Structure formats: C-alpha cells, structure tokens
Amino acid sequence: MTAFFHNLGMPFDGAWLLATIIGILLIALPLMLAVAMIIYADRKIWAAMALRRGPNVVGPFGLLQSFADGAKVFLQETIIPSAANKTLFIIAPIITFTVALMAWAVVPFDVGVVLADINVGLLYILAISSLGVYGIVLAGWASNSKYPFYSAIRASAQMISYEVSIGFVIITVVLWAGSFNLTAIVESQKGYYGFLNGNGFNPLLFPMAIMFLISALAETARAPFDLTEAESELVAGYQTEYSSMAFALYWLGEYANVILMCALNAILFWGGYLPPFDWAPLYYVPGIIWLFAKILFFFFVFSWVKATVPRYRYDQLMRLGWKVFLPVSLFFVFLVSGFLMFTRYGGVQ
Amino acid sequence: MIHILAFYLFATLVVCSGALTILSRNPVHSVLWLIMAFFNAAGLMVLLGAEFIAMLLVIVYVGAVAVLFLFVVMMLDIDFAELRAGFVDYLPFGMLIALVLLAEIVLGIGIWSAGPIELAQRAAPMNPEMSNIQAIGTLLYTRYIFLFEAAGIVLLVAMIGAIVLTHRARGGVRGQNIARQNRRRPQDAVRNVNQPVGQGVQL
C-alpha cells in the first residue's frame with residue numbers, strides 16, 4: 001500500500017504513514033465489530049449450554065444486543081469515587097484497551113497480509129501481553145477500595161505465573177520453526193506426514209498445544225481461572241468501582257484479548273491461515289477464512305469451558321502454574337531441542 | 001524524517017519520565033514513570049535496529065521486574081515526611097554516585113568520538129546478513145558460553161538464597177496431596193447401609 005501512495009506522488013514517509021494508519025484502521029475497526037459479535041456469541045453459547053435462550057430481544061435473534069449494551073453504557077454517567085486517584089483511575093482502562101489492540105499489529109491474516117512483518121513478532125506479542133497486567137493492577141490500586149485491590153494482587157500473580165509457561169511453550173514452537181516471525185512459523189507448519197498442516201499434529205508439540213490453550217485461559221482470566229473477578233468473593237474484582245465507558249473499555253479489551261489468544265492458538269499450533277489439509281483445492285479458499293474459522297472454533301472451546309467447568313481455587317491455580325505447567329513445559333523445551341539437535345542439526349559435534 | 005521525529009519523541013519522553021521518577025512525591029507514580037522510561041528506551045532501541053534487545057527490555061523489565069516493584073510499593077504504607085527527613089544524610093553519598101555516573105558517561109562519549117564503531121567491531125565482528133537474534137545467539141553460545149553459564153549459576157544461587165532466607169518450616173500444617181485426593185473414589189468414602197429401626201450404625 002505504501003508503494004501505491006508513493007506512486008500517486010506523495011513523499012515516501014508520508015505514503016508510509018498514511019498506509020500504516022489505513023492498515024491500523026482496517027484491523028481495529030473490524031476487530032471492534034468482531035468483539036461486539038463475539039460477546040453475543042459467548043452469551044448465546046453459554047445460554048444454550050444452560051438450556052436458556054440468551055439474548056433474543058434486540059434485533060433478529062438478538063443480534064444487536066451488544067450494540068444496545070454499548071449505547072446503554074455510553075449514555076451512563078461516569079462515576080469516579082472521591083477517594084480514588086483520578087488520573088490513574090481513568091488511565092487504567094485506556095491501557096487495557098490500547099494494549100489489547102496493539103498486539104494485533106503482527107498477526108498474519110494471510111500470506112503477506114500483516115501490518116508489521118517484524119523478525120521478533122512472537123516476542124512482540126509476549127511483550128505486549130505482559131503489559132496487559134498494568135491496566136488491572138492500576139485499576140485495583142487507583143480505586144482505593146478493598147475488593148479491587150485484592151483482585152489486582154491476584155491478577156498480577158496469576159498473569160506473571162502463566163506468562164512463564166506460555167514463554168516456554170512458545171520457545172518449543174520457535175525451536176521447531178526456527179524463527180520468531182509469525183508468518184515464518186505458519187509457513188513452517190506445512191505438510192505434516194504429507195497431508196496435514198499444523199504443529200498440533202506433531203506428537204512432540206501436541207501436549208504444548210493443550211498447555212497453551214489452558215495457559216491462554218488463565219492469561220486472559222477466563223473461567224475457570226477468572227479469580228480476578230470472582231463475583232462470589234470479590235464483588236466484581238478490579239471493575240467494581242468502574243461505570244459507563246470506562247467499564248465498557250475493560251469489556252472490549254478483555255474480549256479483544258480473548259480473540260487474540262484464540263488467534264495465537266490457531267497460528268502457533270493449527271496452521272494459522274493454512275487449510276487443515278495440505279491439498280491443493282483447499283488453497284483456493286482465502287487464508288483469512290481459514291484463520292477466522294479456527295479463531296471461532298477456539299472461541300467456542302473457550303465458551304464451552306466457561307459454561308461447564310467450575311472455578312479453580314486460588315492455591316490450585318498457583319499449583320497448576322508453577323508445579324505442573326512450568327516443569328512440564330521446561331521438560332518439553334529440552335525434549336524438542338534435543339530431538340532437533342539429533343535429527344535436523346546433525347547430532348553432537 | 002519519521003525516524004528523526006520518533007527519536008526525539010522517545011528521547012524526550014525517556015528524559016522527562018526519568019526526571020519525574022525522582023521528582024514525583026507518590027512512590028507508585030515514581031514506579032509508573034520508571035516503567036514509562038523503560039518503555040521509551042525500548043522504542044529507542046528499535047530505532048537503533050536492536051529489536052531483540054528492545055523486546056527483551058519490555059518483557060523482562062516492564063513485564064516482570066516493574067510489576068513486582070509496583071506490587072511491593074503498592075502494599076507499603078510509606079510515611080512521606082520520614083522519607084524527606086533522610087534527604088540531607090544521604091546527600092554526600094548520592095553526590096558521589098552521581099559523580100561516578102557522570103565520569104562514566106564522559107568516558108563513554110570520549111571513546112565513542114575517538115573511534116566510531118571500530119572498538120565494538122573488533123570485540124564482536126558483526127555479520128550484516130544475520131538477524132539480531134542469530135547474531136546475539138551465536139556470540140552468547142560460542143565465544144561467551146562460559147560467562148553466560150556463570151551468569152546462569154549466579155542467578156541460580158541467588159534464587160536458592162532467596163528461598164533459604166525466606167522459607168521457614170511451619171509445624172502442624174496439613175498439606176494436600178492432590179494425587180491422593182484424585183485417586184479417592186466414592187466407594188472408599190461412602191457406604192450405603194440399610195439400617196434396621198432401633199439400632200445404631202456401626203462406623
């Protein structure tokens with residue numbers, strides 16, 4: 001796109017800036033629409049599993065429910081507690097929302113369809129997702145209220161714990177692909193056994209795929225790891241004091257993060273924009289459709305888990321992170337690098 | 001053009017947030033300004049072409065170290081008057097550190113202007129074909145492997161030390177054995193008794 005504007009007679013810098021801004025809008029606006037629809041989907045799936053109907057009043061089949069909710073919170077009054085730290089109280093949801101959008105810059109939607117095709121794409125995603133905890137911690141502290149503060153402490157401990165195992169899981173995939181670039185990682189998954197696309201079909205990486213899925217649940221604080229907003233203990237967690245648009249920003253950011261984690265599951269382990277089978281006719285379907293199908297599948301799994309699994313206790317959560325996932329993922333890093341050393345890189349020299 | 005703008009933006013923000021780290025009265029705000037400084041320093045490194053270091057800076061410092069800082073500072077109940085009182089006592093020591101840092105910066109700039117990148121090139125010749133990660137990896141795991149492993153051992157010792165210092169064995173604690181809990185079946189724990197009227201249950 002930069003070349004297009006450059007050919008129209010703009011200076012290169014200006015063309016690049018314009019192209020990047022258009023690219024950002026092309027990702028962010030559909031993402032917001034996707035978040036609205038996926039919240040509706042989440043509620044519908046959850047309702048179906050509880051034998052309820054879910055939202056069905058606003059629009060056909062209740063499709064416009066999220067927009068009605070959005071309009072409602074938009075019209076509400078913003079209440080800032082008098083004892084709160086005002087600046088941080090307002091900045092915290094903005095951080096959550098911005099960070100949730102930032103990570104999408106490196107996600108490849110098809111061959112070459114990516115805003116920033118950088119060498120360290122996966123590290124960038126790790127870096128950005130480690131920023132996500134600030135939105136929650138600051139909300140908890142700035143609210144100057146008991147339950148948000150408890151929730152903030154829980155959130156930071158939980159996110160740091162599971163980032164460690166996510167890091168190791170990612171390392172195994174990077175070792176296999178030999179690159180941190182997300183497009184290169186997707187391309188490296190072509191043709192397992194001659195007909196399958198996806199690291200998940202590799203017996204060494206399949207356990208990592210499962211572990212990544214569970215860690216992703218914990219990292220986005222979805223059920224059964226939603227201890228940060230456990231309503232039976234902490235009112236509404238870090239969002240307790242929030243109202244109106246600030247609350248909506250948390251909502252949007254949270255679901256944008258969930259979609260991102262589903263996309264990462266698809267990209268790292270199940271072939272991203274590649275079709276599941278390495279069969280020529282399937283490549284005529286645009287890659288973006290395969291990616292969306294995989295994202296939707298994983299989102300369904302997330303909702304399914306939310307509807308069926310009871311919430312973990314906090315000590316169980318920490319135990320799973322530190323005593324199960326950390327040693328197992330570390331072991332797989334050894335296993336995968338050892339396997340690659342003897343097969344691909346020609347053994348000990 | 002955009003590079004230059006970005007450089008001045010990041011540089012100004014680093015310097016300002018660094019200053020605000022020491023100037024702000026609230027310790028939580030201080031930590032937040034520090035995080036801002038880290039983040040913009042990472043931006044500067046991206047501009048230099050060291051994207052791997054930049055990402056590591058964000059992951060390690062912003063994502064982990066600063067979170068723990070914030071964690072601790074948030075829970076402290078700090079008396080600001082007491083903090084101010086120690087200012088004069090620590091002034092000479094602070095000045096000493098400032099002088100040392102100033103001397104280091106002057107030395108660094110002096111060496112830099114003496115011969116541009118030749119020193120660095122001689123110490124670690126760079127292959128322009130390689131990406132950042134590969135270049136650092138090949139250096140770390142070949143030439144500097146022993147230093148790298150020594151650093152790892154130092155960290156391990158530090159970790160064990162921290163655990164030894166803080167861990168205290170408490171008596172009378174009944175820990176859970178998850179495997180045993182999962183192994184337990186209803187027939188181990190529950191018994192159905194068809195109890196005749198007027199008799200007690202044999203437990």
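Per chain, numbering begins at 1; letters A, B, ... match sequence-line order. No hydrogens, no waters, no symmetry mates; every other heavy atom, side chains included, goes into these values. Every value quoted in this text rests on a predicted model; they were computed, and no experiment measured them.
For the pair A:Tyr124 and B:Met55, the tightest heavy-atom approach, listed with the atom from each and the gap, is CA-SD, 3.6 Å. Nearest heavy-atom pair across B:Gly63 and A:Glu163 is O-OE1, 4.4 Å. Here the closest non-hydrogen pair linking B:Phe71 and A:Ala157 is CE1-N, 4.5 Å.
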query = Going through the distances and angles, do A:Asn119 and B:Ile133 end up as a side chain to side chain contact (heavy atoms under 4.5 Å, CB included)?
reply = CA-CA 9 Å; A:Asn119 270 333; B:Ile133 305 175; 5.6 Å; no
inquiry  = Between B:Val62 and A:Tyr134, does the side chain to side chain contact (heavy atoms under 4.5 Å, CB included) criterion hold? Intermediate values first, please.
reply    = CA-CA 10 Å; B:Val62 179; A:Tyr134 283 110; 3.7 Å; yes
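Counting heavy atoms of neighbouring residues, nucleotides and ligands inside a 6.0 Å radius, atom OH of A:Tyr314 exceeds 12 of them. Applying the 6.0 Å contact sphere to OH of A:Tyr147 captures no more than 12 heavy atoms from other residues, nucleotides or ligands. Environment of CZ in B:Phe38: crowded, with over 12 heavy atoms of neighbouring residues, nucleotides or ligands closer than 6.0 Å. Summarising the local packing, CH2 of A:Trp104 is surrounded by more than 12 heavy atoms from other residues, nucleotides or ligands at distances under 6.0 Å.
A distance of 7.5 Å separates CG in A:Asp315 from CD1 in B:Ile178, rounded to the nearest 0.5 Å. One distance of note links CG of B:Leu32 with CD1 of A:Ile95; it measures 7.5 Å at 0.5 Å rounding. Residue A:Leu17 holds its CG atom at 9.5 Å from CG of B:Leu5, rounded to the nearest 0.5 Å.
Most heavy-atom pairs under 4.5 Å with chain A: of the set B:Val60, B:Val67, B:Leu56, this distinction falls to B:Val67. In terms of non-hydrogen atom pairs under 4.5 Å with chain B, the most contact-rich of A:Asn85, A:Thr87, A:Val133, A:Ile118 is A:Asn85.
Contact annotation for A:Ile153: both backbone and side-chain heavy atoms come within less than 4.5 Å of a heavy atom of chain B. Only the side chain of B:Ile35 comes within contact range of chain A, with heavy atoms under 4.5 Å apart. Proximity to chain A involves both the backbone and the side chain of B:Ala66, based on heavy atoms less than 4.5 angstrom apart. For a residue to count as touching a neighbouring chain, one of its non-hydrogen atoms must lie under 4.5 Å from one of that chain's; by this rule A:Ile160 touches chain B with the side chain only. For A:Ile128, no part lies near chain B; criterion is any non-hydrogen pair under 4.5 Å.
For A:Arg311, the side-chain contact (heavy atoms from CB on, under 4.5 Å) partners at least two apart in sequence or on another chain are A:Asp226, A:Leu227, A:Ala230, A:Glu231, A:Ser232.
Ring planes of A:Phe180 and B:Phe52: tilted class, angle from 30 to 60°.
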